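See structure below.
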Amino acid sequence: MNLFTEFKGRIADAVAALQAEGALPEGLDLSKIATEPPRDPSHGEIATNAAMVLSKAAGMKPRDIATLLAARLMTLSDVEAAEVAGPGFINLRLAPAFWHDRLRDILRAGTDYGSSTMGGGKPVNVEYVSANPTGPMHVGHGRGAVVGDVLASLLAKAGYAVSREYYVNDAGAQVDVLARSLHLRYREALGEGVGEIPEGLYPGEYLIPVGRALAAEFGDRYAKAVEAEWLETFRLKAVDAMLALIRDDLAALGVRHDVFSSERELVRAGGVQTAFETLSANGLIYEGVLEPPKGMLPDDWEPRPQTLFRATEFGDDVDRPLKKSDGSWTYFASDIAYHYDKYRRGATSMIDVLGADHGGYVKRMVAAVTAITGGKATLDIRLCQMVNLMRDGEPVKMSKRSGNFVTLREVIDDVGRDVVRFIMLTRKNDAHLDFDLKKVTEQSKDNPVFYVQYAHARAHSVLRHAAESLAGIDIGANALAKADLSALTDEAEIALIKQLAAWPRVVEGAAEAHEPHRIAYFLGEVAAAFHSLWNKGRDASELRFLLADRPDVSIARVALVRGMALVVASGLMVLGVTPVEEM
RNA sequence: GUCCCCGUAGCUCAGCAGGAUAGAGCACCGGAUUCCUAAUCCGGGGGUCGUGGGUUCGAAUCCCGCCGGGGACACCA
């Protein structure tokens with residue numbers, strides 16, 4: 001339970017009680033009341049703006065309302081003090097026993113702590129990666145993969161019914177190019193000298209083994225054949241092989257999807273036609289000629305009639321073409337169909353995680369989803385900025401032309417999957433990210449992955465020692481939840497519990513805002529608090545976790561250490577990072 | 001030319017549905033190691049939140065203009 005939400009309810013109750021007494025007028029809007037941690041910890045643990053937001057409607061001064069409310073809140077059992085401050089804030093201080101109980105909550109819930117019912121089982125569809133099946137994944141894809149995967153886990157933890165989806169663009173011109181590239185490798189495998197791979201085809205070596213496999217399967221049957229005879233076959237083979245490659249990369253990263261949707265199958269099943277007719281039936285399709293974009297006229301611009309979707313009616317800048325001049329569908333058309341398909345499969349809330357180069361695509365897609373679902377579904381597009389791969393401060397050279405770039409797989413093999421996943425979330429998704437292959441494996445506090453992992457490992461080190469020094473005493477989480485925790489009185493100890501107790505609120509906030517990076521930041525803060533507490537025990541030996549002559553104090557502190565480890569583990573599990581117990 | 005993102009300490013960035021004296025790390029300076037992992041911690045200096053208006057009890061946060069950086073801009077996906 002998010003304790004801030006809980007206290008919001010208690011404040012609402014207090015307002016109702018005051019209304020019943022006639023001290024406050026009826027009919028107040030309580031929805032703007034917020035409960036949050038005060039910025040300055042010396043102000044207490046929970047602050048509310050209730051008096052200020054009710055002031056106008058109640059026709060009373062904020063501080064007068066605050067005084068009334070504070071007196072009422074003071075009577076609650078967990079509240080040690082309710083103070084009116086500043087323009088009309090009410091600051092609540094909670095009793096130590098309240099925080100001890102929160103630690104018990106953590107110990108009882110284990111790594112499930114932080115799970116929320118906020119989502120109420122509402123379906124959310126998260127689409128991520130969706131890299132074109134034309135080669136192995138690069139590091140930029142990896143960022144989208146991690147952001148999407150963790151966002152999905154986060155939403156699941158917040159109580160949504162999450163579907164994780166990959167859209168396979170296996171129908172476009174790029175796939176034809178891939179098939180031609182493969183045909184070349186196939187001929188090469190048959191012993192033909194093909195020389196340099198021509199401009200415009202995929203030069204990557206990853207097609208070589210696929211070419212060999214086809215040579216083994218078909219012999220020279222397609223070597224001299226005209227394209228029409230082999231294109232379809234090679235397209236299928238190529239896509240299958242590339243998709244296998246990508247799935248392999250995803251598995252190495254620990255990223256999984258529930259559904260792989262094929263564009264090709266969608267088109268073949270008439271999905272695009274269906275979507276088109278739906279829009280058409282609502283009068284949202286017309287034949288027209290677009291104005292050239294101002295300020296940058298393409299060389300080959302010519303006015304031409306196109307089949308257009310009225311995107312401008314839904315907030316886009318211009319109407320968008322759905323058909324090419326040869327009558328075939330545009331990519332946008334099939335993407336509308338795809339999102340419509342997701343909607344018809346039950347998704348009323350959709351999230352797409354895309355690369356930042358798709359920025360220009362956001363408005364039209366959001367417009368299309370609004371249009372085709374009649375406003376019954378929402379689409380949120382999260383754009384991931386570029387990843388700058390570095391090594392010890394120097395940019396890693398990458399040449400896309402030669403196909404000689406650093407693949408995601410190479411990076412995973414180099415620094416490990418946990419490191420890749422964590423680092424990808426050390427910036428918000430729309431900010432550039434420097435990924436330094438050397439720094440991320442350093443064992444120092446400058447490395448956020450290590451810093452958090454180390455806190456968890458240190459905690460388990462204490463638990464291992466405790467198992468010996470408290471031999472015969474059950475220090476499992478369930479036993480500790482029942483232990484006497486009254487020895488936890490130090491300010492830093494209580495402060496750590498407060499931070500741990502914020503976890504459910506962090507989960508809800510991050511899930512609602514679709515911002516998985518907040519989890520990584522939260523874990524960094526918990527780790528910092530723990531390292532700090534640890535070092536307090538160096539300066540003052542009576543603050544060490546394990547005291548030889550005070551088993552009662554030791555047990556209470558072991559409970560805190562275990563609670564911390566559980567919250568960190570809970571967070572790392574959302575990130576898909578293994579919590580290590582020893583380093 | 002239009003649209004989107006960004007502009008917070010010397011550097012890299014947080015800032016949670018506008019809230020009380022704007023935070024962290026790095027770097028810099030000064031400290032802590034007979035002791036649960038010093039792989040860490042503690043203290044110090046450092047800011048007109050790009051800029052000019054507006055909205056209100058209150059703005060880094062919302063709205064508008066400008067400046068600076070990045071990205072995207074018809075039948076490519």
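Chain identifiers are assigned alphabetically (A, B, ...) following the order of the sequence lines, protein sequences preceding nucleic acid strands; residue numbering begins at 1 within each chain. What you are looking at is a predicted structure, and each value in this text was computed from that prediction instead of being measured.
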Where protein sits on nucleotides 8-22 of chain B, one letter per nucleotide: B base, S sugar-phosphate only, - none, heavy atoms under 4.0 Å: ----SSSSBB-BB--

Please tabulate, one pair per line, each protein N/O and nucleotide N/O from nucleotides 25-33 of chain B that are separated by under 3.5 Å, including the distance.
unit_1	atom_1	unit_2	atom_2	d
B:C26	OP1	A:K445	NZ	2.9

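- Using a 4.0 Å heavy-atom distance criterion, A:E468 is classed as making no nucleic acid contact.
- Counting any heavy atom pair closer than 4.0 Å across all strands shown, A:S461 reaches a base atom.
- For the pair A:Y331 and A:Y454, both in contact range of RNA chain B, the more 5′-proximal nearest nucleotide belongs to A:Y454.
- Legend: residues meeting side chain to side chain contact (heavy atoms under 4.5 Å, CB included) with A:A275, ordered by chain and number and at least two apart, are A:I336, A:A337, A:Y340, A:I372.
- Residue-to-nucleotide proximity on RNA chain B shows that, of A:K363 and A:A173, the 5′-proximal contact is made by A:K363.
- Inter-residue side-chain proximity for A:H432 and A:R427 is flagged as unmet; no heavy-atom pair is nearer than 4.5 Å.
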Considering only distance and modelled atom types, tabulate donor-acceptor pairs under 3.5 Å from the side chains of residues 498-507 of chain A, sequence neighbours left out.
unit_1	atom_1	unit_2	atom_2	d
A:K498	NZ	A:E45	OE2	2.7
A:Q499	NE2	A:E525	O	3.4
A:W503	NE1	A:Y113	O	2.9
A:W503	NE1	A:S570	OG	2.9

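- Within 4.0 Å of A:Y451, counting heavy atoms only, lie sugar-phosphate atoms of the nucleic acid but no base atom.
- Stem analysis of RNA chain B (at least three stacked-register Watson-Crick or G-U pairs, each with both distances under 3.5 Å) gives B:1-7 with B:67-73, B:10-13 with B:23-26, B:28-32 with B:40-44, B:50-54 with B:62-66.
- By the side chain to side chain donor-acceptor pair (under 3.5 Å) test, A:D341 is found to be paired with A:R345, residues two or more places apart in sequence or in another chain being considered.
- A:Y286 carries A:R310 over the face of its six-membered ring, with the cationic atom under 6.0 Å from the centre and within 45° of the normal.
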Steps toward side-chain hydrogen bond (donor to acceptor under 3.5 Å, both in side chains) verdict (A:N91, A:E83): CA-CA 5 Å; A:N91 294 322; A:E83 293 149 7; 5.0 Å; no

